[in-house]
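Worksheet: the structure to be examined is printed underneath.
In the text below, chain A, chain B and the rest are named by the order of the sequence lines, each starting its count at 1. Note that this is a predicted model, so its numbers are computed, not measured.
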Protein chains: 2
Amino acid sequence: MAKIEHVSPLAPAGGFPDMPAIEGIRFSAVAAGLKYQGRTDVMLADICAGATVAGVFTKSATRAAPVLDCQDKLGRVDDPKAGFAFLVNAGNANAFTGKHGTEAVNRITSAVGDLLGIPQTHVYSASTGVIGEPLPTDLFTASLDALKSGLSEDRIADAAEAIRTTDTFAKGSSAQITVGGATVSIAGIAKGSGMIEPDMATMLVYIFTDAKISQQVLQASLSRLNETTFNCITVDSDTSTSDTLLMAATGKAEMAKITDLDSEAAAQFCEGLRTVMTDLAHQVVRDGEGASKFVTVQVTGAASDQDAHKVAKSVANSPLVKTAIAGEDPNWGRVVMAVGKSGAEADRDRLSIRFGDLLVAEQGWVSPEYSEAAAADYMKNTNITIRVDLGLSGGSATIWTCDLTHGYISINADYRS
Amino acid sequence: MAKIEHVSPLAPAGGFPDMPAIEGIRFSAVAAGLKYQGRTDVMLADICAGATVAGVFTKSATRAAPVLDCQDKLGRVDDPKAGFAFLVNAGNANAFTGKHGTEAVNRITSAVGDLLGIPQTHVYSASTGVIGEPLPTDLFTASLDALKSGLSEDRIADAAEAIRTTDTFAKGSSAQITVGGATVSIAGIAKGSGMIEPDMATMLVYIFTDAKISQQVLQASLSRLNETTFNCITVDSDTSTSDTLLMAATGKAEMAKITDLDSEAAAQFCEGLRTVMTDLAHQVVRDGEGASKFVTVQVTGAASDQDAHKVAKSVANSPLVKTAIAGEDPNWGRVVMAVGKSGAEADRDRLSIRFGDLLVAEQGWVSPEYSEAAAADYMKNTNITIRVDLGLSGGSATIWTCDLTHGYISINADYRS
């Protein structure tokens, strides 16, 4: 793995944020020595009995063993008096490891179940790192006692540190909101830097809340918000085999249980959850491998929201657009190219393009008010917005991405060596 | 534009090949000063009366003005006694230039028609270079006399030189074949280096033959062969606004006219044409911006040929696969990832992966016979073959691509500046 020598220039100022403790959740992290030296690489979240768990996973046809296992377990409550656990390691993805991979998941989730006195089916694991190497389960089991004794409500930052791979900073976000008159806390952590074009989920994201909410409403809220948050980011168009978004709600807040997705309480809860999910999604992009610019692609006027999403993804994934941004070059012709290749309905002569508020092109050609000097100045910003209006109908979408730099090549041309 | 300081290491040995003259075709090239200093940038091919013309073009929704114009003209013979012309410039794409772009095409094709005494509708133009800048048509018209006086049967190499943009070498290929007992020559030239994922065509390709063949059979042959040649290459997944493949058959060979696509003569002709088209397609990849490796991705065992094409494109376009190849890293886990995200039917446990002849993974995991040292040795080759067998059915596809290196970033982060 390429040594990470500096923190992304796009990292949030001030480091890892202060996060509220979530009643009913304890965290721990240990250095099991799976791959890295001198850092933690396994995290455990111990979740109280009565909590509800929801999740969204990669749609990859070559999903990793722990993803398949999580999908099997989602929604099961085999012992109502038992809690749940999330177990995550970095350094080894346990992906494309055949039946050995499945056996490894069974072994470690069983061991954690025994450790905490809960059914194996209540333990959700995830693994991230190199694909195709056997997971050294002995190193896990040797670390279990330390994992258990380290559990504490205030160690979510340690958990976020332990799940990093090429991430240059640990990612966390939280919100405190009022739901039905009660104060509810939401706290989430994420990892992700490369192999980022989530397809139904992101790399690894864990969100916790003390809200009292049914599993059905929690799952529906998470799935719906995922569409406009993690499903709207891309670093390199490569979709991971391990994308996992898991959420646990402990129900410890003093409130009436949310059981209706259309209720006011559900809307209040979703608003807080959207804030946390959007912030975490942005942080993944801000840690995009080699990234030097945070880019927002806003598409409006499309024939449909789906078409707008296609166009925005096409612009955001174009290597030529991304390298132009890296070079601070207002090369709007490449945006035209990316719109053209997207497969969405488009009319060259109705298209308009803006960099930030600068009108660049309209009616099939460069705008008379366009100034190359002003556009070149705009491209020097760290946060760039590319706006495309297709002039056809009301479809819209926003995608977040980063630029493509020498740093991406350096990190990925020698990741394993 | 980044200065091209060296020729691609993947360029064919021996420089531009010897090419047969095609009876009925004359070439010329001049330095019109459209963008570059000290080099030719406009080429003209003068094609005899009675020739047939076929073409394939980009499907981009933001097609350039000359592409739209060519599509309008294809198949028209407004004066059976008049010849045809292909006019191509480098340095300016005349794309996304609104009605001014259309007017520019009309102006230059009219001027060439007058120059050669043929209808404007017999003049096919193409432009390649920067998108969105007005085409300086005065520079064209000022060069017309020189273009005409320079016409010669043996200047195809000069034509190939004149249409380069970021290309580091001029691309040509030819074949002489026997069709129905007669010797038939085929000679083609191409340009293309970046913005390469042709969608129905490639960047710019011009192929000439003295075969006697109907327009319908020529068009059908070209379209069919295009599917397995230019439509099977990718450098950076970005589809040009200007992709154009044009072919002219002069009918000067002493042979019976080919009028049936299913005839033996058509099959003989197509075999020669396939050789030329495949060679030119490979040369475009070999000049891929920053390329240091020529990569063949062969997919077999897919549920359908379409699925195989999806998987092969997904592997060939994955930035993580391409950077691993640049780093000479046998990171087959990234191939698994790319198969998984492709959207094609795949079964992790039936998948096998080979680098060249080395079996890397099968039945859902690394092969027992896999040697990392042998695979690392293999990756040092300049020509790399990645073979994926999906183990499902008989669908297959082959895609050619190159690696993703610092060179690509350097060329494209400052193309316009």
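- Interatomic distance, CD of A/Glu289 versus OG1 of B/Thr323, reported as 8.5 Å (0.5 Å rounding).
- With chain A as the partner, the residue from B/Pro134, B/Ala346, B/Gly101, B/Ser314 showing the most heavy-atom pairs under 4.5 Å is B/Pro134.
- Taking A/Ala326, A/Ser318, A/Ala64 one by one and counting their heavy-atom pairs under 4.5 Å with chain B, the maximum is reached by A/Ser318.
- Heavy-atom pairs under 4.5 Å with chain B were tallied for A/Asp349, A/Asp403, A/Leu351, A/Ile325; the largest tally goes to A/Leu351.
- Note that CG of A/Asp236 and CG of B/Asn317 are 12.5 Å apart. Values are rounded to the nearest 0.5 Å.
- With rounding to the nearest 0.5 Å, the separation of CE in B/Met337 from OG1 in A/Thr62 is 8.5 Å.
- Heavy-atom distances place no part of A/Leu390 under 4.5 Å from chain B, backbone and side chain included.
- For the residue pair A/Ala61 and B/Ala344, the shortest heavy atom distance occurs at CB-O, 4.4 Å.
- Looking at A/Ser342, there are no atoms closer than 4.5 Å to chain B (heavy atoms on both sides), in backbone or side chain.
- Heavy-atom minimum distance, B/Trp365 versus A/Thr97: CD1-CA, 3.1 Å.
- A distance of 10.0 Å separates CG in A/Asn412 from CG in B/Asp329, rounded to the nearest 0.5 Å.
- Expressed to the nearest 0.5 Å, how far CZ of A/Arg334 lies from CD1 of B/Ile131 amounts to 8.5 Å.
- Separation of atoms CG (A/Leu404) and CD1 (B/Ile409) is listed at 3.5 Å; rounding is to 0.5 Å.
- For the residue pair A/Arg348 and B/Ala65, the shortest heavy atom distance occurs at NH1-N, 4.1 Å.
- Comparing A/Pro319, A/Gly132, A/Ala95, A/Ala376 by how many heavy-atom pairs each has under 4.5 Å with chain B, the most go to A/Pro319.
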